[in-house]
Amino acid sequence: MSGQLKYKNKFIKKNVLEKRLKSFAAMRAGRIAKRIKASASSNNVSGRRIVELDTLADNLECHKCGKELSLKNIVDETHSGLNSILHIVCCQCSELTKVSTGKTHTTENNHKHSDINTKVVFGAIHSGIGCVGLNKLLSCLSIPTISEDLYKQYESEIAPVLEEVAKESSEKAAEEERPVGSKTS
Ligand SMILES: [Zn+2]
């Protein structure tokens, strides 16, 4: 039976199969376009983000087919503080890939923390603006804010470092105040 193929115990003419495959591909392409169009009008992914350019560039790749992903095809976003996970549809295979905008690290207590959150909380403490001040600043910049609970989690990560710095600076101050010539024991 030339020109015929067997599929699921049924014979299919090769040209019929090719036609079907062609219309299937067209349908799929239509679905992808529809999904992207729908997401563009419904998703509220806007504003500003603080991203690590090299990390984001490396992550912009479809996990299924390897095609480079476009920021125009973001359909959703989840974030933990300032670290965003962008949900991007692949224009080639329509698969969804979750793209992180920054690096993470593991804390001493084995928690996975985002670098950006650790740094921003450290900055808020260092500058003295705290969680409330930080969120006011972020809001003005249209950058997602950080919840008080999450802020506290990151604060506890850097607390030992801050204590060490405070101890060192008080020791240095005491050293400077000590009269010249007096011996330390
Ligand atoms: Zn793909």
Side-chain angles (χ1 to χ4, degrees), residues 1-107 109-123 134-135 138-147 149-151 153-154 157:
M1 285 204 190
S2 66
Q4 288 215 339
L5 300 160
K6 205 177 177 189
Y7 177 69
K8 285 188 178 175
N9 287 327
K10 284 176 185 167
F11 286 104
I12 311 167
K13 278 186 180 171
K14 208 177 166 188
N15 60 346
V16 173
L17 179 69
E18 277 168 1
K19 218 171 161 184
R20 286 274 168 85
L21 286 175
K22 222 172 168 181
S23 69
F24 175 73
M27 255 169 58
R28 204 179 65 169
R31 270 208 311 271
I32 298 167
K34 217 170 156 186
R35 206 164 161 184
I36 291 168
K37 202 178 164 191
S39 69
S41 56
S42 68
N43 87 64
N44 53 0
V45 183
S46 58
R48 298 185 178 87
R49 304 290 182 273
I50 299 174
V51 303
E52 278 181 77
L53 290 172
D54 53 347
T55 306
L56 179 61
D58 286 345
N59 293 345
L60 280 173
E61 193 179 275
C62 174
H63 75 94
K64 196 181 176 192
C65 73
K67 171 96 175 164
E68 199 174 302
L69 298 169
S70 167
L71 292 178
K72 285 181 181 171
N73 298 338
I74 299 171
V75 293
D76 204 1
E77 178 191 24
T78 47
H79 41 82
S80 167
L82 273 74
N83 189 65
S84 286
I85 305 291
L86 307 170
H87 302 197
I88 307 178
V89 174
C90 174
C91 64
Q92 185 161 274
C93 73
S94 83
E95 193 70 16
L96 198 75
T97 299
K98 292 182 179 179
V99 174
S100 179
T101 55
K103 294 186 196 78
T104 57
H105 59 275
T106 306
T107 66
N109 303 327
N110 261 340
H111 291 127
K112 199 177 163 192
H113 273 187
S114 301
D115 290 12
I116 180 64
N117 290 335
T118 300
K119 284 168 192 285
V120 87
V121 170
F122 181 79
L134 171 65
N135 281 334
L138 294 171
S139 294
C140 290
L141 293 165
S142 303
I143 293 173
T145 54
I146 184 166
S147 73
D149 283 348
L150 194 66
Y151 184 94
Q153 280 176 38
Y154 278 85
E157 181 200 351

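All values derive from a computational prediction rather than experimental measurement. Just so you know, ligand 1 is whichever comes first in the structure, and atom 1 is the first atom listed for that ligand.
Evaluation of the salt bridge (Lys or Arg N to Asp or Glu O under 4.0 Å) rule for Lys19 yields no partner, not counting sequence neighbours.
Around the Zn ion (ligand 1), protein N, O or S atoms at less than 2.8 Å comprise Cys62 SG, Cys65 SG, Cys90 SG, Cys93 SG.
No donor-acceptor pair closer than 3.5 Å links the side chain of Tyr154 to the backbone N or O of Lys119. Using modelled atom types, one side-chain atom of Thr107 and one backbone atom of His111 make a donor-acceptor pair closer than 3.5 Å. Without hydrogens or angle criteria, Arg48 side chain to Ile143 main chain gives no donor-acceptor distance under 3.5 Å.
Among Thr104, Leu150, Ile85, the single residue meeting the side chain to side chain contact (heavy atoms under 4.5 Å, CB included) criterion with Ser80 is Leu150.
The distance from the OG1 atom of Thr78 to the CG atom of Leu86 is 8.0 Å, given to the nearest 0.5 Å.
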